[in-house]
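Below: the structure, in C-alpha cells.
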2 protein chains.
Amino acid sequence: MSLRFALLGLLNEHPSSGYDLTRRFSEGIGAYAWDAKHSQIYPELRKLTEDGLIEIAEEGARGRKTYAITGQGQEELRGWLLRPPTVAGGVRNEYVLRLFLLSALDQDEARQILTRTIEYSTRQREAIDAEYQEHLAGGGAARQGALAAQYGIRMYQATIEWAQWAIEQITAESSAGSGS
Amino acid sequence: MSLRFALLGLLNEHPSSGYDLTRRFSEGIGAYAWDAKHSQIYPELRKLTEDGLIEIAEEGARGRKTYAITGQGQEELRGWLLRPPTVAGGVRNEYVLRLFLLSALDQDEARQILTRTIEYSTRQREAIDAEYQEHLAGGGAARQGALAAQYGIRMYQATIEWAQWAIEQITAESSAGSGS
DNA sequence: CAGAACATGTAAACGGTTACATGATTCC
DNA sequence: GGAATCATGTAACCGTTTACATGTTCTG
C-alpha cells in the first residue's frame, strides 16, 4: 500500500517516467525508506492512472510515458501524510538485523563486522554528503531533497558512532575478563 | 529469507516458544530491524526443525513447544552473519517514507508532522533507555541486548535532532521569503 | 553495426498480512 | 464460571521478487 504513496510523493516533486522512478528508488529513497523494482512500479502506475491520481503528461521516444500527479492525487497524498501514522508498521531492514544478532559471533568476529560497518557507513555518508552539497548549490526546488539527504547523513553518522562504541564495549568486556 | 536468520538469532540467545518469539518481534527487534507475525513464525519453526537447524527442547502445558538452536543451526547463522552483506537489500520503513515526502505539505503542516515526530521519537527513546538500564543492571548474558538497545537509542536521538534541524530549515526558508 | 543504455511490460514463485479457528490455563 | 492470556495452527489474499520477454535509441 505504501508503494502508491511513495510513487505519488516522487511524482509530486516532478513528473517522471516509470524508468526514472525505478532509478530514483534504487538511489536515495530505496536505501533507507522504501525500495521497489520496475516490475512492481509499472503495474502500479497503470492502477494509479485508472484511479485518476496520476496522468500521462507526455509520450516520448521509445514508448516513454511521463506521468504527472493530478489534483486528486495530491489530495490523496496529503491525506496520507497528515493521517496519524500507522505505528512503525512492518519494518524490514536486513542490514540492521545483522547488527542485532552479533552476539552469535565471538568477539573477534563481531569486531570485524563492526569495523566493516564503520567503513561501509563512512563511504555511504560521504556519498550522500556530496549529494547534499549539490542540493544546496542548486537553489529553490532542489532543496526538497536536502531534508532527506540530511536524514541519511545523520543516520549513517549515528551508525558509525554506535559501531565505535560497540567495539569499545566488546573490547572492555573481554579485557575485564571473567568478572561475573 | 531473513526471517529464518532472525529466528535462529533469537533462539541462539536462548530457547523460546513460538509465542515467546512472536512477542519478542513485536517489541524491540520488530521496531527497527525485522517484524513478523505468529502466522509466519509457526510454519517457519516447523521448516527449521525439518532442516535440523533447531529442535524441540521441551514440551509444556497448553501445547507449548520450546525450541532450541542446534549446532548445525549455529553454523548456518554464523555463516550468514559473516558472509559479505547483500547490500541494503529491500529496505522497507513506512515511517521514514513519510519523512521523505514532506515536501508535499505546506510549511505549517510539515512543521506539525516534524513536531509529532520529535514527540514520538522522544517517547520511544525514553522507553528503550529504561530497557537499557535494566540490561546493564542484569549482568552477563543480558548484556547482549544492550548493543541493540543502544542502537535504538542513538537512532531515535538522531531522528529527533534531524527533525529539530528540519523545522529550523523550513522556518528559515519561509522567513527568508521570496529571495530566489 | 555492435553494444550499452533506455524503456516497458508480464508471469510464476515466494514472502507476508489478515482473518479464521481452536483449545488450555490462569486469575478473579 | 467467565474473561483474559497463553498457545498453536491454517487459508485466502495481497505485495514483492525473480526471471522472462521485447523493442528502441544513442554512442563509438
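No hydrogens, no waters, no symmetry mates; every other heavy atom, side chains included, goes into these values. Numbers restart at 1 for each chain; the letters A, B, ... are given by sequence-line order, proteins then strands.
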(Q) Less than 4.5 Å apart, side chain to side chain, heavy atoms only: is that true for Y67(B) and S16(B)? (A) no
Q) Y19(A) has a side chain; which of dC6(C), dT16(D), dT8(D) sits nearest to it? A) dC6(C)
Q) For the helix from dC1(C)-dG28(D) to dC28(C)-dG1(D), what is the angle between the axes at its two ends, each from 5 pairs, rounded to 10°? A) 30°
Q. At what distance, to the nearest 0.5 angstrom, does CG of L147(B) lie from OH of Y132(B)?
A. 8.5 Å
**Q.** Q112(B) side chain reached by T115(B) side chain, heavy atoms, under 4.5 Å
**A.** no
Q.
Within this structure, what is the CG-CD1 distance for the pair D108(A) and I113(A), rounded to the nearest 0.5 Å?
A. 12.0 Å
Nucleotide N/O of nucleotides 19-21 of chain C paired with protein N/O under 3.5 Å:
none

Q: Could you grab the distance from atom CD of E161(B) to atom OH of Y156(B), nearest 0.5 Å is fine?
A: 15.5 Å
Q) Is there a side-chain polar atom (N or O) of R64(A) under 4.0 Å from OP1 or OP2 of dA5(C)? A) no
(Q) Looking only at the side chain of K65(A) (C-beta and beyond, no hydrogens), which of the listed nucleotides dG9(C), dC6(D), dT16(D) gets closest? (A) dG9(C)
**Q.** Side chains of Q150(B) and W162(A) in contact at under 4.5 Å (non-hydrogen atoms)
**A.** yes
Q: Could you tell me the separation between the CG atom of D35(A) and the CG atom of N93(A), rounded to the nearest 0.5 Å?
A: 11.0 Å
Q: Mind checking the CZ-CH2 spacing from R154(B) to W165(A)? Nearest 0.5 Å is all I need.
A: 6.5 Å
Q | Under-4.0 Å salt bridge between D20(A) and R23(A) | A | no
Q | d(NZ, K37(B); P, dT10(D)) in whole Å | A | 19 Å
**Q.** Rounded interatomic separation in angstrom, taking CH2 from W34(B) and C1' from dT17(C)
**A.** 14 Å
(Q) Of the listed nucleotides (dA7(D), dT8(C), dT16(D)), which one gets closest to any side-chain atom of S17(A)? (A) dT8(C)
Q. Does anything in residues 41-59 of chain B reach DNA chain D, meaning a heavy atom under 4.0 Å, and if so which residues?
A. Y42(B)
Sequence neighbours left out, cut at 3.5 Å: what donor-acceptor pairs do the side chains of residues 49-57 of chain A make with other protein atoms?
| unit_1 | atom_1 | unit_2 | atom_2 | d |
| --- | --- | --- | --- | --- |
| T49(A) | OG1 | L45(A) | O | 2.7 |
| E50(A) | OE2 | R46(A) | NH1 | 3.0 |
| D51(A) | OD2 | R4(A) | NH2 | 2.7 |

Q: Could you tell me whether R4(A) contacts a base, only the sugar-phosphate backbone, or nothing, with contacts defined as non-hydrogen atoms closer than 4.0 Å?
A: nothing
Q) Of Y120(A), F100(A), Y32(A), which is the lone residue that meets ring-ring contact (aromatic ring centres under 6.0 Å, His included) with Y95(A)? A) Y120(A)
For residues 71-78 of chain B, run the donor-acceptor check on the side chains, cut-off 3.5 Å, and write out each pair with its distance to 0.1 Å, sequence neighbours left out.
| unit_1 | atom_1 | unit_2 | atom_2 | d |
| --- | --- | --- | --- | --- |
| Q74(B) | NE2 | N12(B) | OD1 | 3.1 |
| R78(B) | NH1 | E109(A) | OE1 | 2.5 |
| R78(B) | NH1 | E109(A) | OE2 | 3.0 |
| R78(B) | NH2 | E109(A) | OE2 | 2.8 |

Q: Encode nucleotides 23-28 of chain D as B, S and - characters from 5' to 3', where the letter depends on protein heavy atoms closer than 4.0 Å: B to the base, S only to sugar-phosphate, - to neither.
A: -BB---
Q.
Taking the basic N atoms (NZ, or NE/NH1/NH2) and the acidic carboxylate oxygens, is any pair closer than 4.0 Å for E13(A) and R24(A)?
A. yes
Q. With a 4.5 Å limit on heavy-atom distance, are the side chains of R98(B) and L81(A) in contact?
A. yes
Q) Over how many whole Å does the gap from D20(A) atom CG to dT8(C) atom C1' extend? A) 13 Å
Q. Where each residue is assigned the nucleotide of DNA chain D containing its nearest heavy atom, which of S2(A) and R23(B) is assigned the position nearer the 5′ end?
A. R23(B)
**Q.** E94(B) CD to dG16(C) C1', straight-line distance once rounded to whole Å
**A.** 15 Å
Q | Distance in angstrom units between Q40(A) CD and dC14(D) C1', rounded | A | 11 Å
Q) How close or far is atom C1' of dG16(C) from atom CG of D35(A), stated in whole angstroms? A) 16 Å
Q) In whole angstroms, how far is the C1' atom of dG9(C) from the CG atom of L21(A)? A) 15 Å
